[in-house]
Participant: 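Structure below; questions to follow.
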Amino acid sequence: MAKTRISISLDSAHAERIRAHAERAGMDVSAYLVNAATRQMAEVEAAEAQFARLDAVIAAAETGAAALPPLAEVVDGDLTEQERREVQEALGLIYGSDGPAARSGDAA
């Protein structure tokens with residue numbers, strides 16, 4: 001396979017670290033960098049493949065949400081006591097015991 005030359009620029013400290021790591025790995029700098037880049041690309045591709053279905057679900061949900069009409073603003077007086085407790089419980093799950101509701105003394 002024909003090889004293509006790629007030039008990179010980096011500061012001398014990074015260059016020396018790369019040379020030292022390549023030497024310890026028994027590789028020349030070029031082979032070491034190709035190996036590192038190839039490994040990084042494989043990791044990214046594996047993660048993308050792992051999460052592709054989830055990413056598609058999220059994208060579909062975002063598209064669907066964008067098409068919805070805006071919600072009417074809800075003020076505290078519009079909520080029943082049960083709904084207020086449910087909101088506080090949900091906020092507790094999100095923020096934990098140190099959340100805004102707990103600090104203000106509003107926790108149920």
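Because the structure is a prediction, the values reported are computed rather than measured.
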Participant: Group every Ile, Leu, Val, Met, Phe, Trp and Tyr by side-chain heavy-atom contacts under 4.5 Å, then state whether Met27 and Val29 land in the same group.
Facilitator: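 They do share one cluster, since a chain of ILVMFWY contacts under 4.5 Å joins Met27 to Val29.
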Participant: Would you check if Phe51 and Leu54 make a side-chain contact, meaning some heavy-atom pair closer than 4.5 Å?
Facilitator: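 Yes - at least one pair of side-chain heavy atoms lies under 4.5 Å apart.
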Participant: Taking distance alone, no hydrogens or angles, what donor-acceptor pairs closer than 3.5 Å link side-chain atoms of residues 1-16 to residues at least two apart or in another chain?
Facilitator:
| residue | atom | partner | partner atom | Å |
| --- | --- | --- | --- | --- |
| Asp11 | OD1 | Ala13 | N | 3.1 |
| Asp11 | OD1 | His14 | N | 2.8 |
| Asp11 | OD1 | His14 | ND1 | 3.1 |
| Asp11 | OD2 | His14 | ND1 | 3.0 |
| Glu16 | OE2 | Arg19 | NH1 | 2.6 |

Participant: Atom CD1 of Ile58 and atom CZ of Arg53: how far apart are they, to the nearest 0.5 Å?
Facilitator: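 So the CD1 of Ile58 and the CZ of Arg53 are separated by 12.5 Å.
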Participant: For Arg24, check side-chain hydrogen bond (donor to acceptor under 3.5 Å, both in side chains) against everything at least two apart and list the hits.
Facilitator: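 His21.
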Participant: Are Leu79 and Ile94 joined in one hydrophobic group, where the rule is that I, L, V, M, F, W and Y side chains link up if heavy atoms are under 4.5 Å apart?
Facilitator: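 Yes; Ile94 is reachable from Leu79 via cluster members.
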Participant: To the nearest 0.5 Å, tell me how far Leu33 CG sits from Asp28 CG.
Facilitator: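 If we round to the nearest 0.5 Å, Leu33:CG and Asp28:CG are 9.0 Å apart.
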Participant: Would Ile18 and Val34 show up in the same hydrophobic cluster when neighbours are defined by side-chain heavy atoms closer than 4.5 Å?
Facilitator: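 Shared cluster, no.
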Participant: Just one of Gln88, Gln82, Arg84 clears the side-chain hydrogen bond (donor to acceptor under 3.5 Å, both in side chains) bar with Glu86, so which one?
Facilitator: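 The side-chain hydrogen bond (donor to acceptor under 3.5 Å, both in side chains) with Glu86 is passed solely by Gln82 among Gln88, Gln82, Arg84.
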